Number of protein chains: 2
Amino acid sequence: MASSVKNAVGAVVESKECYLSAYAVKGVPTSDHLKFRTVSLPVAADSIPDGHVAVELRLVSVDPYVRTRMTGRKDGLYFPPFELSEVITAFGIGRVISSRNDKYAEGDIVMNPLFPVAEYCVVPLDFLKKVDTGSSSIALPEYLSCFGVPGFTAWLGIEVLGDPKPGSNVFISAAAGGVGMYAGQLAKLKGCRVIGSTGSDEKVKLIKEEFGYDDGFNYNKETDFDAALSKYFPDGIDLYFDNVGGKMLEAVLNHINPHARISLCGMISQYNTVWTDRDGVRNLLNMVGKEVRMEGFLVGSYLHRFNDFVNDMENYLKQGKIKSKHKIYHGIESFVESLGSLFSSSNTGKVIVKV
Amino acid sequence: MASSVKNAVGAVVESKECYLSAYAVKGVPTSDHLKFRTVSLPVAADSIPDGHVAVELRLVSVDPYVRTRMTGRKDGLYFPPFELSEVITAFGIGRVISSRNDKYAEGDIVMNPLFPVAEYCVVPLDFLKKVDTGSSSIALPEYLSCFGVPGFTAWLGIEVLGDPKPGSNVFISAAAGGVGMYAGQLAKLKGCRVIGSTGSDEKVKLIKEEFGYDDGFNYNKETDFDAALSKYFPDGIDLYFDNVGGKMLEAVLNHINPHARISLCGMISQYNTVWTDRDGVRNLLNMVGKEVRMEGFLVGSYLHRFNDFVNDMENYLKQGKIKSKHKIYHGIESFVESLGSLFSSSNTGKVIVKV
C-alpha cells in the first residue's frame with residue numbers, strides 16, 4: 001500500500017490500478033489480460049469533483065462474476081463488459097481521505113460495490129455506504145463476506161428462494177467458497193440435512209468440522225457426479241444451491257425430488273468458456289415431471305430484504321452460530337492471482353485482497 | 001366401435017385394446033411397439049368387481065406425455081413406464097354400460113385420466129368424473145381440450161405460473177397444438193403481445209387468423225431460431241410457454257428479459273431420444289444474469305385451482321373469446337398413427353381418437 005497521505009491542498013498520490021489489457025475470452029484470466037499502471041491522482045478536497053470522495057482502498061472482494069465482464073461479450077452478464085484499458089471494478093472497503101460532500105469526512109470507512117481495483121480512487125457517492133466500525137465488534141473482512149455479497153447471496157438463495165423445511169435434503173456446490181460456506185450453515189440452521197461438494201479432501205473436512213455440513217464429497221475425486229449423488233442423497237434432493245452449473249447441475253436433475261427448488265447463484269464451472277462451448281444440460285425435461293422451480297437471482301434486486309438479512313445474520317452471529325473463513329491475498333497486484341485462484345479449487349472461504 | 005351392448009346378466013363384449021409390445025427407446029413409436037389384441041370382457045353388473053364400472057369408450061385424448069411412458073426407463077416421467085404387454089392408458093371419455101356403484105348408472109358419460117386405450121373397459125372409480133352433458137352446450141371433444149388437460153395446462157402455465165402483464169412479450173412454442181392454441185389465446189386475453197412458433201405456413205396462418213396471435217413463424221422454414229427470435233422479439237421475451245424444449249429453449253434464453261418466466265409444460269422435441277442424446281441447453285447462465293424463473297408443472301398438482309380455471313374458461317367461452325380446433329382420428333387402431341402424428345408437425349389443435 002502507498003504511504004498515508006495528508007489531505008493537503010494540492011495533494012497528489014501515486015496509485016497503482018488494474019485494467020483490462022486484452023479480452024479474456026476463454027480460460028482463466030492472467031497477467032496477459034490484467035495489467036497494472038500507476039497514475040498520479042489529485043486527491044485534495046479542492047481538486048476532486050463536487051459530490052465525490054477520495055478513498056484509500058483497504059480491502060477488495062474477489063468475486064467470480066467479475067471474470068464474466070472480461071470477455072468483451074454481453075452473454076449473460078450481470079454488468080456490461082469491461083472495455084479494453086478500462087479499470088476493473090470490484091466490491092471493496094476503503095478509508096475516506098478527502099471529501100466534497102457533508103455526509104462523508106476524512107477517516108470514514110466506506111463500502112462500495114463498484115470501487116476501482118486500485119490503491120486510491122476518486123468516486124461519486126452513488127453506491128457508497130458508510131461502515132459503522134465504532135459500535136460493532138465485526139471485523140472489517142466480515143463486511144465483505146458475512147454481511148456482504150456472499151452472505152446476502154447465501155441468505156437469498158436459501159431463505160427467500162429455497163423455501164427449506166426441517167429435514168429437507170439440501171445440496172450446496174462450491175460448498176467451502178465465499179457463498180457456499182454461509183449457504184450450508186443457513187440451511188443447517190433451518191434443520192435441513194446438508195451435503196456439500198468441494199474441490200479437495202481438506203475442504204470436505206472443513207465444511208463438516210467447521211461449517212457443520214452433514215457430509216460432503218471432493219468432486220475432483222468422486223468424478224462420477226451421478227454416482228456421488230446417489231450415494232449422498234438416497235432420498236433425493238429437495239433444494240440445490242447451484243454455484244457451479246454444467247455437469248453438476250445436470251447430475252442434480254437426475255436426483256431431484258418433486259417440487260424441488262434450485263437457486264441459481266452463479267456457474268463458476270462455465271465462466272472460462274464461450275457459451276456455445278459450455279456444458280449443455282440435457283435433462284431439463286426432469287423439471288417438468290418433478291415440477292421443479294429453478295430461479296436465477298442477483299442481490300441487487302433484493303435490496304428491500306437487506307435489513308431482514310442483516311437482522312437474521314446478526315442474530316445468528318451473536319449466538320455464535322455462523323462461522324466465516326477468509327483467504328487473504330496481499331497487495332493490489334495479487335488481484336490477478338487471487339481471481340485465477342477462484343477457478344482452481346485452491347481457496348477456502350471468501351477471497352479478499354488486502355491492498 | 002363394437003356394437004352396442006345390452007347390460008344383460010352374463011354379457012361379454014369383444015374389446016380391442018392397445019398394448020406395448022416392445023419398448024420404444026428412440027424414434028417415433030409405431031406398430032412395432034404398439035399392437036392390438038381382442039379380449040373377451042365380462043361387462044355385466046354381476047360380473048364386474050364391486051366399486052367398478054364397465055365403460056364403452058367414446059373419445060381418447062392423444063397426448064405427447066404418453067410417449068414418455070413407452071421407453072421402459074424412468075427418466076423424467078410423469079407416470080411410471082408401461083410394462084411390456086401392459087395396456088396403454090390415456091385420458092378419455094366414455095359411456096357407462098354397467099355399474100357396481102350407486103353413484104354411476106348406465107348411460108352416464110364419464111371422464112378418466114387413466115382409461116385403457118380400448119373399446120371397452122372395466123375400471124375402478126378412483127379417477128372417474130361424471131360429465132354433465134344435460135345442462136351444457138359444450139361438445140364432448142371440448143371436455144378433452146378446452147375444459148380438459150390441454151386447457152387446464154395452458155391456463156396454469158399462463159395465468160398461475162406465467163404472471164403475464166398487459167404488454168408483456170409472450171412466446172408460445174407448438175403454438176397451434178392442443179395446449180398452445182389455448183395458451184396463446186389466454187395470453188392475448190391478458191393484453192400481451194403473443195408470438196407463436198409452429199411447423200407449417202398453414203398453421204402460422206391459423207394461429208394468427210383463428211387464435212388471434214400477433215404473429216408467428218414456421219420453425220421448419222426459419223430454422224435459425226436465434227435469428228427468428230431477434231426478428232419477432234426486438235424487445236426480448238417476458239414469458240415463454242415451452243412445449244418443445246431443446247434448441248428452441250436455448251434460443252429463447254438468448255432473448256430473455258430480466259425477471260422473465262418460463263413455464264415448462266413439456267418438451268416434445270426431446271421425447272424420441274434417450275436423455276443422454278438430448279439437446280443440451282448451454283446458456284442457463286443467462287438465467288442468473290436475467291434472474292429468470294423456470295418452472296415445470298403437472299396439472300395433477302393444481303387440482304385445487306380447477307374450479308377457478310373452469311370459471312375463467314366458461315366465462316371466456318360464453319363471450320366467444322376462446323376458440324378450439326380438434327383433429328379427429330377414427331377407430332381405436334388409429335391411436336398409433338395419431339400418436340406418431342404429434343411428432344410430425346402434421347396436426348392442428350387437439351388430437352383425439354373417436355373410438
Side-chain angles (χ1 to χ4, degrees), chain A residues 64-65 68-69 74-79 153 156-157 161 226 242-247 249-250 253-254 256 258-271 273-302, chain B residues 64-65 68-69 74-79 153 156-157 161 226 242-247 249-250 253-254 256 258-271 273-302:
Chain A
Y65 83 91
T68 68
R69 305 186 62 187
K74 244 198 113 185
D75 43 286
L77 296 173
Y78 311 83
F79 293 101
T153 303
L156 289 169
L161 278 72
D226 209 58
D242 184 20
N243 289 304
V244 304
K247 292 291 174 207
L249 176 55
E250 186 176 85
L253 284 170
N254 285 335
I256 203 80
H259 302 106
R261 300 280 183 96
I262 299 178
S263 297
L264 297 180
C265 159
M267 299 188 175
I268 202 167
S269 74
Q270 306 295 300
Y271 290 170
T273 44
V274 296
W275 81 265
T276 47
D277 289 340
R278 286 179 185 154
D279 295 324
V281 173
R282 295 163 294 176
N283 55 357
L284 291 173
L285 182 56
N286 295 359
M287 288 184 65
V288 183
K290 298 292 174 61
E291 304 187 82
V292 175
R293 178 189 290 183
M294 179 151 86
E295 187 162 356
F297 66 103
L298 301 175
V299 295
S301 296
Y302 292 89
Chain B
Y65 82 91
T68 67
R69 303 187 63 189
K74 244 198 113 183
D75 44 284
L77 295 173
Y78 311 81
F79 293 102
T153 303
L156 287 170
L161 278 73
D226 208 59
D242 184 20
N243 289 305
V244 304
K247 292 289 174 208
L249 176 55
E250 185 176 86
L253 284 171
N254 285 335
I256 203 79
H259 301 106
R261 299 280 183 96
I262 299 179
S263 297
L264 296 181
C265 159
M267 299 189 176
I268 202 167
S269 74
Q270 307 296 299
Y271 290 170
T273 44
V274 296
W275 81 265
T276 46
D277 290 340
R278 285 182 185 153
D279 295 323
V281 174
R282 295 164 294 177
N283 54 358
L284 290 173
L285 182 56
N286 296 358
M287 289 184 63
V288 183
K290 298 292 173 59
E291 303 187 84
V292 175
R293 179 188 291 182
M294 179 151 87
E295 187 162 356
F297 66 104
L298 301 175
V299 295
S301 296
Y302 293 88

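Each chain gets a letter, A, B and so on, in the order its sequence line appears, and its residues count up from 1. Since the structure is predicted, the reported quantities are computational estimates derived from the model, not experimental observations.
When heavy atoms are compared at a cutoff of 4.5 Å, Leu249(A) approaches chain B solely by way of its side chain, counted from C-beta outward. For chain B, the nearby part of Val292(A) is the backbone; its heavy atoms alone come within less than 4.5 Å.
Between Glu295(A) atom CD and Glu295(B) atom CD the span is 8.5 Å, to the nearest 0.5 Å.
The shortest distance between side-chain heavy atoms of Asp279(A) and Val281(A) does not fall below 4.5 Å.
Qualifying salt bridge (Lys or Arg N to Asp or Glu O under 4.0 Å) partners for Asp277(B), counting only residues two or more places apart in sequence or in other chains: Lys26(B).
In terms of modelled atom types and a separation under 3.5 Å, the side chain of Asn286(B) and the main chain of Leu253(B) share a donor-acceptor contact.
Options Ser263(A), Gly245(A), Ser301(A) differ in how many heavy-atom pairs under 4.5 Å they form with chain B, and the most are formed by Ser301(A). By number of non-hydrogen pairs under 4.5 angstrom with chain A, the leading residue of Asp242(B), Leu284(B), Ile256(B), Leu161(B) is Leu284(B).
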